[in-house]
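Here the structure is laid out as structure tokens; the discussion comes afterwards.
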Amino acid sequence: MTAFGAFRERHYEPYLRYAALRIGQSDAAERVVSDAFTELAVTWTVALGSAGPAAVAWDILHDHIGQALAGPGHPDQSDGPARSLPLEAQVLHRRLRLSSERVAEVLGISPGVVPGLLPRSAPLKE
């Protein structure tokens with residue numbers, strides 16, 4: 001399996017779950033994730049040359065979600081939804097039940113950063 005194929009296999013499911021939660025429609029979420037991975041495939045070499053390929057991939061997914069939310073049937077979000085790494089980490093951890101290590105992997109950030117992105121009121125459960 002190629003590096004891109006392995007990356008896609010590892011990240012497809014959390015990307016799809018996150019997109020479905022954000023967009024609210026599973027068929028639209030599937031299209032968004034498919035389009036995001038298509039764009040990533042085209043730019044894979046560039047992503048691999050970056051400091052964080054997973055972060056590049058997450059940004060691409062985020063852009064595609066923003067485009068979907070700006071489309072018909074959704075409120076005008078011409079600039080896409082605002083980026084909030086803490087909110088994204090919280091959704092992945094609390095709503096999608098990903099471990100803090102998996103959240104870091106999906107977002108393309110250091111695992112040591114994740115606890116600082118999550119509310120301190122509730123302890124992390126792995």
Side-chain angles (χ1 to χ4, degrees):
M1 178 179 290
T2 67
F4 176 78
F7 182 90
R8 186 183 190 285
E9 185 174 306
R10 180 87 175 134
H11 289 80
Y12 186 87
E13 188 266 336
Y15 281 18
L16 182 61
R17 290 175 56 208
Y18 181 82
L21 231 146
R22 292 292 316 276
I23 298 168
Q25 301 170 353
S26 60
D27 58 334
E30 287 181 35
R31 279 191 305 276
V32 161
V33 173
S34 177
D35 290 348
F37 274 112
T38 297
E39 180 179 338
L40 182 61
V42 171
T43 60
W44 184 242
T45 303
V46 174
L48 283 178
S50 74
V56 170
W58 185 258
D59 287 343
I60 290 171
L61 175 67
H62 188 272
D63 291 345
H64 282 269
I65 290 171
Q67 291 168 13
L69 291 174
H74 291 281
D76 180 30
Q77 296 190 21
S78 54
D79 293 331
R83 285 298 307 262
S84 171
L85 197 55
L87 178 59
E88 293 167 0
Q90 289 174 38
V91 168
L92 291 169
H93 185 70
R94 306 259 184 244
R95 301 279 309 270
L96 300 184
R97 308 299 242 175
L98 300 183
S99 69
S100 58
E101 291 82 11
R102 187 76 167 113
V103 169
E105 179 185 357
V106 169
L107 292 176
I109 60 176
S110 169
V113 172
V114 175
L117 298 174
L118 301 174
R120 298 213 186 277
S121 60
L124 292 177
K125 294 181 182 176
E126 299 300 323

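Side chains included, hydrogens not; waters and symmetry mates left out as well; all remaining heavy atoms used. The chain is numbered in sequence order, starting from 1. Keep in mind the model is a prediction, meaning the values are calculated, not measured.
Atom NE2 of His62 sits about 10.5 Å away from atom CG of Leu107, to the nearest 0.5 Å. Here Ile60 contributes atom CD1 and Ile65 contributes atom CD1; the two are 12.5 Å apart, rounded to the nearest 0.5 Å. Between atom CG of residue Leu92 and atom OG of residue Ser99 there is a gap of 10.5 Å, rounded to the nearest 0.5 Å.
Residue Ala68 comes nearest to Ile23 through the heavy atom pair CB-CD1, 3.9 Å, listed as atom of the first residue, atom of the second, then distance. In terms of heavy-atom proximity, Arg94 sits nearest to Arg97 at O-CD, 3.5 Å.
A search for side-chain contact (heavy atoms from CB on, under 4.5 Å) contacts involving Ala104 returns Ile109, Pro111, Val114, not counting sequence neighbours. Scored by the side-chain contact (heavy atoms from CB on, under 4.5 Å) test, Pro86 finds Ser84, Gln90, Leu117 as partners (sequence neighbours excluded). Not counting sequence neighbours, Arg31 has no partner by the side-chain hydrogen bond (donor to acceptor under 3.5 Å, both in side chains) test.
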Table please: side-chain donor-acceptor pairs of residues 33-49 below 3.5 Å, with sequence neighbours left out.
| unit_1 | atom_1 | unit_2 | atom_2 | d |
| --- | --- | --- | --- | --- |
| Thr38 | OG1 | Ser34 | O | 2.9 |
| Glu39 | OE1 | His64 | NE2 | 2.6 |
| Thr43 | OG1 | Glu39 | O | 3.1 |
| Thr43 | OG1 | Leu40 | O | 3.4 |

Would you mind writing out the side-chain donor-acceptor pairs for residues 6-16 within the sub-3.5 Å range, not counting sequence neighbours?
| unit_1 | atom_1 | unit_2 | atom_2 | d |
| --- | --- | --- | --- | --- |
| Arg10 | NE | Glu105 | OE1 | 3.4 |
| Arg10 | NE | Glu105 | OE2 | 2.8 |
| Arg10 | NH2 | Glu105 | OE1 | 2.8 |
| His11 | ND1 | Phe7 | O | 3.0 |
| Glu13 | OE2 | Arg17 | NE | 3.3 |
| Glu13 | OE2 | Arg17 | NH1 | 3.1 |

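Between Tyr18 and Glu88, some side-chain heavy-atom pair lies under the 4.5 Å cut-off.
Residue pairs meeting the salt bridge (charged side-chain N to carboxylate O under 4.0 Å, His left out) criterion with at least one partner in residues 51-60, sequence neighbours excluded, are Asp59-Arg83.
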